[in-house]
Amino acid sequence: MKSPDVDVLIIGAGPVGLTLANLLGARGRSALVLEQRATLIDYPRGVGLDDESIRTLATAGLWERIERYTVPQHVVRFVNGKGQVLATNDPQTREFGYVRKHGFIQPLVDQELAAGLDRFAGTELRFGHRVAGLTEHADGVDVTVEVLDADEQVVGTEVLTASYVVGAEGGRSFTRNWLGEHHGVEFEGKSPSTRWLVVDVENDPIGTPSVYLGADPRRPYVSIGLPLGIRRWEFMLFDDEPTELVDTPEFRAELLAPHVPDPAAVSIINQRVFTHHGRVATSFRKGRVMLAGDAAHLMPVWLGQGWNSGIRDATNLAWKLTAVLRGEASEDLLDTYTSERHGHVAAMIDVNMAAGSIMKCGPVKGWLRDRAATALNVVPSVKAYFSELRFKPMPRYDTGVVVDQATLTPGRSDVSFKPGALKSGALKPGKGLRRRSAAATALHPFTDSAGAASPVGLQFIQPRVSTASANDVLLDEATGDWWTLAAWGNDPARLLSDEDLALVERLGIRLVAFYPETQRAWAEERFAGSPTTVIGDTTGALKDWFDTRACGFVVLRPDRFVAAASLAQQASQAFRATLTAASYDVAERAAVAGVLAADIEPTVAAAHTELAGLTEEVPA
Ligand SMILES: O=C(O)/C=C/c1cccc(O)c1
């Protein structure tokens with residue numbers, strides 16, 4: 001195949017495809033987003049923005065532009081038919097740098113994501129382009145594209161070539177069907193038939209800012225205050241109510257009457273009838289073709305996780321594609337996309353399906369549920385379980401780009417997170433995690449008295465910090481958007497070998513030393529001339545983190561997850577094991593030989609050209 005037109009061709013200009021394109025663009029890769037529609041989807045869909053997603057948007061350099069379309073601390077209250085609050089979800093922590101939940105207006109955020117692509121030379125969005133076929137080769141994919149006019153009529157066809165294709169075109173994904181036909185990928189799970197009507201109004205007649213999940217046996221409903229004066233309702237439709245009924249003003253008035261003083265005075269932006277799905281593709285990648293977002297998984301709305309799960313996909317995939325495209329890692333790294341994301345998505349679907357059953361209880365079960373909830377609310381740990389969002393499975397990778405903390409061997413961390421664990425009760429606080437082994441504890445000079453599990457596979461915290469060049473910034477601003485090797489109270493450059501440091505430099509890895517802010521000036525002076533950035537722990541959060549995790553050195557992945565954690569003296573071993581886990585053997589071998597694969601490529605290409613010329617000169 002000739003050299004591809006683009007590194008990554010992304011099908012679908014929804015939030016996932018656009019975020020992925022922005023992350024690739026920010027890391028210097030080319031990405032083309034093809035959207036069959038003539039415009040972005042303009043009605044509100046996702047409404048809840050998690051802190052993890054905000055961290056990604058900030059990495060893409062877009063959070064400052066997006067924040068104005070959000071409202072912070074979007075509290076979720078689960079109420080019964082009498083309007084009594086059974087559980088409140090109002091987490092107060094900011095471990096990843098942002099308020100845990102925001103409400104947001106998706107179409108406006110999508111617009112910013114689309115506009116963000118203009119910042120990069122290599123990223124582009126084309127509307128009116130429908131992908132009609134994929135042909136995979138050893139070194140790329142031919143993508144057959146139909147060009148559509150404003151009426152979605154085909155006016156032309158073209159073939160584009162891409163190194164990789166990502167289907168992010170939503171639930172009715174062409175790419176997923178193609179993977180099903182060509183590679184046997186299935187879309188497993190359930191699609192309950194219950195219909196819900198969603199209505200968005202632009203003149204919020206209630207004016208309360210947060211989310212109510214109304215488990216009302218008379219008619220379950222959702223009422224959500226959103227930014228810019230918008231309110232969303234969702235009403236469950238009973239089986240004997242025909243879908244067409246929702247178009248009659250009388251029926252809408254009947255639905256709104258228990259909630260709004262004057263239903264006739266609301267101004268509807270749009271309404272739709274939808275059903276929930278709990279489905280996940282059996283694989284998110286086959287060869288050079290991948291799935292992301294709703295194309296890969298669909299889940300009910302209850303925890304606002306459809307949008308956020310898609311952004312997690314983009315976050316996980318973007319750095320891996322970049323590493324492979326840069327020639328740093330082999331394609332095996334892309335296999336970890338499925339192995340890391342699939343289990344978390346499956347667990348999230350389980351929690352959401354369970355929440356749906358609680359919402360839908362009839363009068364008898366509903367009465368029992370209310371009594372149980374009232375009794376359990378008296379127990380502080382149960383109350384905290386809901387209020388602190390502990391039932392939401394956090395991504396935790398026990399396989400993939402992780403290193404076992406006890407043995408410092410690649411590919412598996414010493415914790416396990418079981419997909420579908422909710423049903424077995426394994427996702428209760430403190431369960432579902434294997435404790436560090438006795439050997440691991442003995443290896444360390446001290447251990448967390450609470451027996452905390454290894455931090456490997458978890459997202460690293462993001463406190464505010466200071467450096468010589470930046471005062472009071474979020475940690476990611478100081479570490480950048482690629483790999484980071486970080487030590488508490490040590491210069492990581494002094495913990496690594498000369499070969500390690502050569503590799504660190506070639507791969508653009510950041511070295512950071514965390515110190516109490518009071519010692520920053522001392523450390524900066526002491527490490528003058530070192531490639532390390534000294535980071536002042538202005539809040540004490542970093543010290544607390546290392547205090548309770550029995551490690552003094554961590555390898556942080558470009559997506560901010562902890563790949564490895566070790567004692568200071570084991571830094572080199574932890575680093576090398578991470579490179580193996582991330583299939584960076586290509587880069588490692590090249591570095592040992594004194595050159596990187598990227599450096600060799602032009603020479604190899606030149607040799608090929610020369611050889612081709614010679615062949616042509618040989619007489620037949
Ligand atoms: O953001 C959340 O936690 C919940 C969002 C939500 C809940 C119910 C229905 C929705 O459309 C969104």
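FYI, the numbering just counts along the sequence from 1. Just follow the structure's listing: the first ligand is 1, and inside any ligand the first atom is 1.
The ring of Tyr69 has its center no closer than 6.0 angstrom to the ring center of Phe104. Checked against the 6.0 Å centroid threshold, Phe561 and Phe460 do not count as a close aromatic pair. For His259 and Tyr212, the distance between ring centers is not under 6.0 angstrom.
Residue contacts with ligand 1, taken as heavy atom pairs separated by less than 4.0 Å, involve Lys101 solely via side-chain atoms from C-beta onward.
Ranking protein heavy atoms by distance to atom 8 (C) of ligand 1, first place goes to Leu213 CD2, 3.5 Å.
Taking 4.0 Å as the cut-off, Val198 does not count as a neighbour of ligand 1 on heavy-atom distance.
Distances below 4.0 Å separate heavy atoms of Val47 from the following atoms of ligand 1: 12 (C). Each of the atoms 2 (C), 3 (O), 4 (C) of ligand 1 lies under 4.0 Å from some heavy atom of Leu303. For ligand 1, the atoms lying closer than 4.0 Å to a non-hydrogen atom of Gly304 are 1 (O), 2 (C), 4 (C), 5 (C). When each atom of ligand 1 is checked for a heavy atom of Gly48 under 4.0 Å away, the hits are 1 (O). Residue Val222 approaches ligand 1 through these ligand atoms, each under 4.0 Å from one of its heavy atoms: 8 (C), 9 (C).
Within a 6.0 Å sphere centred on CG of Asp247, heavy atoms belonging to other residues, nucleotides or ligands number more than 12.
Taking each of Val75, Val301, Asp50 in turn, the one with a heavy atom nearest to atom 7 (C) of ligand 1 proves to be Val301.
In this structure, Arg176 is positioned above the aromatic face of Phe187, its NZ or CZ under 6.0 Å from the six-membered ring centre and within 45° of the axis.
Polar contact with ligand 1: present for Glu234 (N/O pair, distance under 3.5 Å).
Side-chain contact between Thr338 and Ser283 is present, with at least one heavy-atom pair separated by less than 4.5 Å.
Within the 3.5 Å criterion, the main-chain N or O of Thr322 finds no donor-acceptor partner in the side chain of Arg27.
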